[in-house]
> 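Sharing a structure, written as structure tokens. Questions coming.
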Amino acid sequence: MESAARFSAIFVLLFVLVGALICTRLLNYNTETLFGATPRTSQSYPHKTGEIPKKPPGKLEIPLNCPAYDLRGTCPSNYPTTFHPEQNPERPSPPTCPEYFRWIHEDLRPWARTGITREMVDRANRTANFKLVIVNGKAYVEQYEKAFQTRDVFTVWGFLQLLRRYPGQVPDLELMFDCVDWPVIPSHEYSGPNATAPPPLFRYCADDNTLDIVFPDWSFWGWAEINIRPWEVLFEELKEGNKRKTWLEREPYAYWKGNPAIAETRQDLIKCNVSEEHDWNARLYAQDWDRESKEGYNKSDLASQCIHRYKIYIEGSAWSVSEKYILACDSVTLIVKPRYYDFFTRRLMPVEHYWPIKEDDKCRSIKFSVDWGNTHRRKAQAIGKASSNLIQEELKMDYVYDYMFHLLNEYAKLLQFKPTVPKKAVELCSEAMACQAEGTEKKFMLQSLVKGPAVSEPCTMPPPYDPSSLFAVLRRKANSIKQVETWERNYWESQSKKS
Ligand SMILES: *[C@@H]1O[C@H](CO)[C@@H](O)[C@H](O)[C@H]1NC(C)=O
Ligand SMILES: *[C@@H]1O[C@H](CO)[C@@H](O)[C@H](O)[C@H]1NC(C)=O
Ligand SMILES: *[C@@H]1O[C@H](CO)[C@@H](O)[C@H](O)[C@H]1NC(C)=O
Ligand SMILES: *[C@@H]1O[C@H](CO)[C@@H](O)[C@H](O)[C@H]1NC(C)=O
């Protein structure tokens, strides 16, 4: 309790600090500061002479220029579209990107031989919510159909932040984006000797039978409707959340909370809940969306949900954005055999980062995993730590942007035509979205705003898998899962002998 109180005190403090930053930025609005110019010190708030703080070299901040936008209604034209990090002698040399970036090569392989023609891109218009075009470092969007909630808004916002982070470095391109959960480009329709190339379509997840190109989902910039803050903010909170209780102090059960109504497999999971007849070591809760939406989702605080030793991840109607929040908690993640992948989850290794749960025998599988973990505490804690470290190290926002950067770069290399701005497209910039936004949307946009160009270059793209190393990764995964199934079978056999 005490640490929780301290934590919220720190958080309030942080919030005040953020508030202070926003206020100083507002002060800058009244100056002549425009994009690309570092404010002259005489124009910002007064300093005592001799105390002019030096900005670290290369750390250029570009505040949102709402007054100019409100006045003219056009995006800033002098946004620095060329930026040369190599001019900064202190620039750190970029590290190699995390392993999961290698899947970018796999996801674009369907077009490796043919390249991508305009006709292929246009064919993806069947289901796309919008077409995004980048020409000369500026973004244009042609909207076809409004997406559910603010998925499209925060997805486009993410693209705009990438442009602020790497101005002038994101290549010209045209792409189609579909914000609906399920992948829709079946691979079997595009295989065989006479097959046409598939339409390239970006979305948040895909599975082994589809060719949709996976891209980070909107929740990295915030999910306004259910008050899930931008990843950069939550990331730190979740890290703190791990410290509230040691693993041993946590409830020795498997916890899940969510909406069971949206998928049969979730209703099946609920049958494993503790009851008078049985205890499968599962403690499962249905999210009361009606009540929680009225209360501002204050009970859904993700950072305070790391109080069970085991946490279950189960897909909903497709992949679920909850996965990264669950993995970030250093309890053991129990993953019910998933069908879908998003841009980073192919990195997860069973037994190393999570414990695999059978789809068709959930209750017994959960019961066994919890018993195993409670009797192999050291190993169980190591699994929990491994997933939380993976998220902390490989899924920080820097890498999310670098993933977007490299995916778009590789995609653009395949284009066989010169991207042009469609007649019906509108130019979008961070000002066009954030200055007019209100409430939670505005708050999340300001929280996730990229302050200025990155001081270092994007991480270095790892090479593609060769067929045998890709096969080795897949085999290692399959073997770990088989191993767990064997342990599980032996466990239930010995249980039945006992009774
Ligand atoms: C999709 O593109 C095709 C080919 O350019 C065009 O004929 C069709 O009208 C477009 N459909 C939609 C829904 O925009
Ligand atoms: C592929 O195209 C060729 C030439 O048009 C045709 O003879 C052949 O039957 C087609 N094969 C299939 C599987 O459709
Ligand atoms: C699971 O059981 C617990 C304890 O009896 C109960 O509080 C909870 O509401 C149950 N969950 C569901 C989804 O019924
Ligand atoms: C959440 O908000 C509701 C209504 O505003 C309030 O009654 C409740 O005490 C709050 N709960 C928490 C845990 O803050």
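This one's a predicted model, so the numbers in the text were calculated from it and none came from an experiment. We count ligands from 1, going down the list as the structure has it; atoms in each ligand are counted the same way.
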> Could you identify the single nearest non-hydrogen protein atom to atom 4 (C) of ligand 3 and state the distance to 0.1 Å?
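Atom 4 (C) of ligand 3 sits closest to the protein heavy atom V274 CG1, 4.1 Å.
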
> Answer yes or no: does an N/O atom from Y285 fall short of 3.5 Å to an N/O atom of ligand 3?
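Not met; the criterion fails.
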
> Under 6.0 Å between the ring centres of W280 and H278?
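Between W280 and H278, the centre distance is under 6.0 Å.
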
> Regarding ligand 3, does A286 bring an N or O atom to under 3.5 Å of one of the ligand's N or O atoms?
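No; the residue has no nitrogen or oxygen that sits under 3.5 Å from a nitrogen or oxygen of the ligand.
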
> Of the choices L269, L284, N273, which has the non-hydrogen atom that lies closest to atom 2 (O) of ligand 3?
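Looking at heavy atoms only, the winner is N273.
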
> Is the NZ or CZ atom of R283 both under 6.0 Å from the centre of the six-membered ring of Y255 and within 45° of that ring's axis?
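Not satisfied by the 6.0 Å and 45° rule.
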
> Would R347 and E394 pass as an ion pair if we require N to O under 4.0 Å?
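Salt bridge between R347 and E394, a charged N being under 4.0 Å from a carboxylate O: yes.
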
> When you measure from the side chain of T246 to the backbone of E249, do you find a donor-acceptor pair of N or O atoms at a distance under 3.5 Å?
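Yes, T246 side chain to E249 backbone: donor-acceptor pair under 3.5 Å.
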
